[in-house]
> 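Would you mind keeping the following structure in view while I ask a few things?
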Amino acid sequence: MYLNNLLKDIVKYTPEEFEQSKQLDILKKKAKICRVLQNIQTVFSLPIFLIIVANFLMCSSLLGGVLIKIQFDEDNMVVMFYFINAILCIITVLWVAGSVPVEMSRFKEAFHQTTQERLLYYHTTEELHLKMDLFIESDFVLTGCNILSFRRNTILAVIGTLLTYTVLVATTN
């Protein structure tokens, strides 16, 4: 949300108005956001990783049970409820945490576009170092214990892994 607000701040400026002081102000706000994200990473890395692993194992065990035809109850609604709950938990966590790199890329693109127009039309080369520093740094990506990157494309990888290994384990029995 804060990165999106910074993006809106950049877009409201014309290249002429986007002078060095405003660029510095926006970059200071971005640095503050990155510090907060780093704190979130430090506090929630392990718990979120364990939540994802627990839900992954829940999905795998339920899916495996269905594949080897274990009788659960008269109605399989409870099994479906647990499976849907676990898979939606994984998808939601990865979708929300995966929005950080997406918003960071949008921020960088808007900053680049506005500073590029300013450079081309007003020949303000003294601001080039601000732009270079922004693009040299890598995108911030939340991770689970530095094992699992929380990106949106990880959703497909996790679901694919879930299906592949569940079928593999179920067929070896």
Side-chain angles (χ1 to χ4, degrees), residues 1-56 59-60 84-165:
M1 180 178 75
Y2 291 119
L3 284 170
N4 198 13
N5 289 342
L6 272 182
L7 178 68
K8 289 176 184 174
D9 284 348
I10 293 171
V11 172
K12 75 179 181 183
Y13 293 120
T14 64
E16 183 180 10
E17 298 170 333
F18 200 54
E19 54 197 33
Q20 190 171 7
S21 63
K22 291 185 175 136
Q23 292 175 26
L24 281 171
D25 185 45
I26 285 177
L27 289 176
K28 286 177 187 176
K29 290 177 184 176
K30 183 202 164 278
K32 185 176 179 181
I33 291 169
C34 286
R35 277 194 304 276
V36 170
L37 285 172
Q38 191 61 47
N39 290 337
I40 290 170
Q41 169 71 26
T42 303
V43 172
F44 291 110
S45 176
L46 179 63
I48 292 298
F49 179 71
L50 293 176
I51 288 170
I52 288 177
V53 168
N55 283 293
F56 180 84
C59 287
S60 183
I84 291 171
N85 182 36
I87 199 76
L88 286 179
C89 180
I90 293 170
I91 290 171
T92 303
V93 168
L94 292 175
W95 187 265
V96 172
S99 67
V100 172
V102 171
E103 292 299 323
M104 194 68 75
S105 292
R106 289 180 58 214
F107 167 79
K108 283 183 176 183
E109 183 60 36
F111 192 89
H112 168 72
Q113 183 178 1
T114 307
T115 55
Q116 184 71 17
E117 288 175 7
R118 183 169 171 78
L119 175 71
L120 291 174
Y121 296 125
Y122 303 105
H123 308 292
T124 56
T125 55
E126 68 274 357
E127 300 165 2
L128 256 174
H129 67 281
L130 292 175
K131 184 176 162 183
M132 295 303 286
D133 286 343
L134 181 66
F135 285 98
I136 289 173
E137 80 178 31
S138 61
D139 284 343
F140 187 86
V141 178
L142 295 168
T143 63
C145 296
N146 290 326
I147 297 172
L148 181 66
S149 296
F150 298 154
R151 293 182 178 265
R152 290 188 174 168
N153 61 2
T154 308
I155 295 170
L156 294 175
V158 167
I159 291 173
T161 304
L162 172 70
L163 294 174
T164 302
Y165 284 104

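Residue numbers count from 1 along this sequence. Values below: all heavy atoms of this structure, side chains included; hydrogens, waters and symmetry mates excluded.
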> According to the salt bridge (Lys or Arg N to Asp or Glu O under 4.0 Å) rule, which pairs have a member within residues 36-50, sequence neighbours left out?
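Residue pairs with at least one partner in residues 36-50: there are none.
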
> Under 3.5 Å, sequence neighbours excluded: what are the donor-acceptor pairs made by side chains of residues 38-48?
residue : atom : partner : partner atom : Å
Asn39   : ND2  : Arg35   : O            : 3.4
Gln41   : OE1  : Thr143  : N            : 2.9
Gln41   : NE2  : Thr143  : O            : 3.0
Gln41   : NE2  : Thr143  : OG1          : 2.9
Thr42   : OG1  : Gln38   : O            : 2.9
Ser45   : OG   : Thr143  : O            : 3.3
Ser45   : OG   : Cys145  : N            : 2.6

> Atom CG of Leu120 and atom CZ of Arg118: how far apart are they, to the nearest 0.5 Å?
12.0 Å

> Is the closest side-chain heavy-atom distance between Thr161 and Phe56 below 4.5 Å?
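Yes, their side chains come closer than 4.5 Å.
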
> Taking salt bridge (charged side-chain N to carboxylate O under 4.0 Å, His left out) as the test, write out the residues that go with Lys29, two or more places apart.
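If we apply the salt bridge (charged side-chain N to carboxylate O under 4.0 Å, His left out) test to Lys29, skipping adjacent residues, the hits are Asp9, Asp25.
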
> Where is the tightest heavy-atom contact between Asn55 and Cys89, given as atom of each residue plus distance?
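For Asn55 and Cys89, the tightest heavy-atom pair comes out as ND2-SG, 3.2 Å.
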
> Around atom NZ of Lys22, are there more than 12 heavy atoms from other residues, nucleotides or ligands closer than 6.0 Å?
yes

> If we only count heavy atoms from C-beta on, is the Glu137 to Lys108 side-chain gap below 4.5 Å?
yes

> Drop me the distance from Phe49's CZ to Leu142's CG, to the nearest 0.5 angstrom.
14.5 Å

> Asn4: what forms a side-chain hydrogen bond (donor to acceptor under 3.5 Å, both in side chains) with it, not counting sequence neighbours?
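Counting only residues at least two positions away or on another chain, Asn4 forms no side-chain hydrogen bond (donor to acceptor under 3.5 Å, both in side chains).
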
> Using the side chain to side chain contact (heavy atoms under 4.5 Å, CB included) criterion, which residues pair with Ser105? Sequence neighbours excluded.
Asp139

> Rounded to the nearest 0.5 Å, what's the gap from NZ on Lys30 to CD on Gln23? Could you check?
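Interatomic distance, Lys30 NZ to Gln23 CD, rounded to 0.5 Å: 14.0 Å.
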
> Return the set of residues passing side chain to side chain contact (heavy atoms under 4.5 Å, CB included) with Ile10 (not counting sequence neighbours), or none when no residue passes.
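Partners of Ile10 by the side chain to side chain contact (heavy atoms under 4.5 Å, CB included) criterion, ordered by chain and then number, come out as Phe18, Ile26, Phe107, Ala110, Phe111, Thr114.
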
> Once side chain to side chain contact (heavy atoms under 4.5 Å, CB included) is applied, do any residues pair with Ser138, and if so which ones, sequence neighbours excluded?
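Side chain to side chain contact (heavy atoms under 4.5 Å, CB included) check on Ser138 returns nothing, list empty.
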
> Between atom CG of Leu148 and atom CD1 of Ile90, what is the distance when rounded to the nearest 0.5 Å?
9.5 Å

> Sequence neighbours left out, what passes salt bridge (charged side-chain N to carboxylate O under 4.0 Å, His left out) with Glu16? Give chain and number order.
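Checked Glu16 against salt bridge (charged side-chain N to carboxylate O under 4.0 Å, His left out); zero matches.
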
> To the nearest 0.5 Å, what is the distance between CG (Leu6) and CE (Met104)?
9.5 Å

> Would Glu103 and Arg106 pass as an ion pair if we require N to O under 4.0 Å?
yes

> By the side-chain hydrogen bond (donor to acceptor under 3.5 Å, both in side chains) test, which pairs, at least two apart or in different chains, include something from residues 147-156?
none

> Which residues satisfy the side chain to side chain contact (heavy atoms under 4.5 Å, CB included) test with Glu117, sequence neighbours excluded?
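With sequence neighbours excluded, Glu117 shows a side chain to side chain contact (heavy atoms under 4.5 Å, CB included) to Pro15, Gln113, Tyr121, given in chain and number order.
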
> Taking distance alone, no hydrogens or angles, what donor-acceptor pairs closer than 3.5 Å link side-chain atoms of residues 92-102 to residues at least two apart or in another chain?
residue : atom : partner : partner atom : Å
Thr92   : OG1  : Leu88   : O            : 2.6
Ser99   : OG   : Val96   : O            : 2.6

> Are the side chains of Ile159 and Ile91 in contact, using a 4.5 Å heavy-atom criterion?
yes

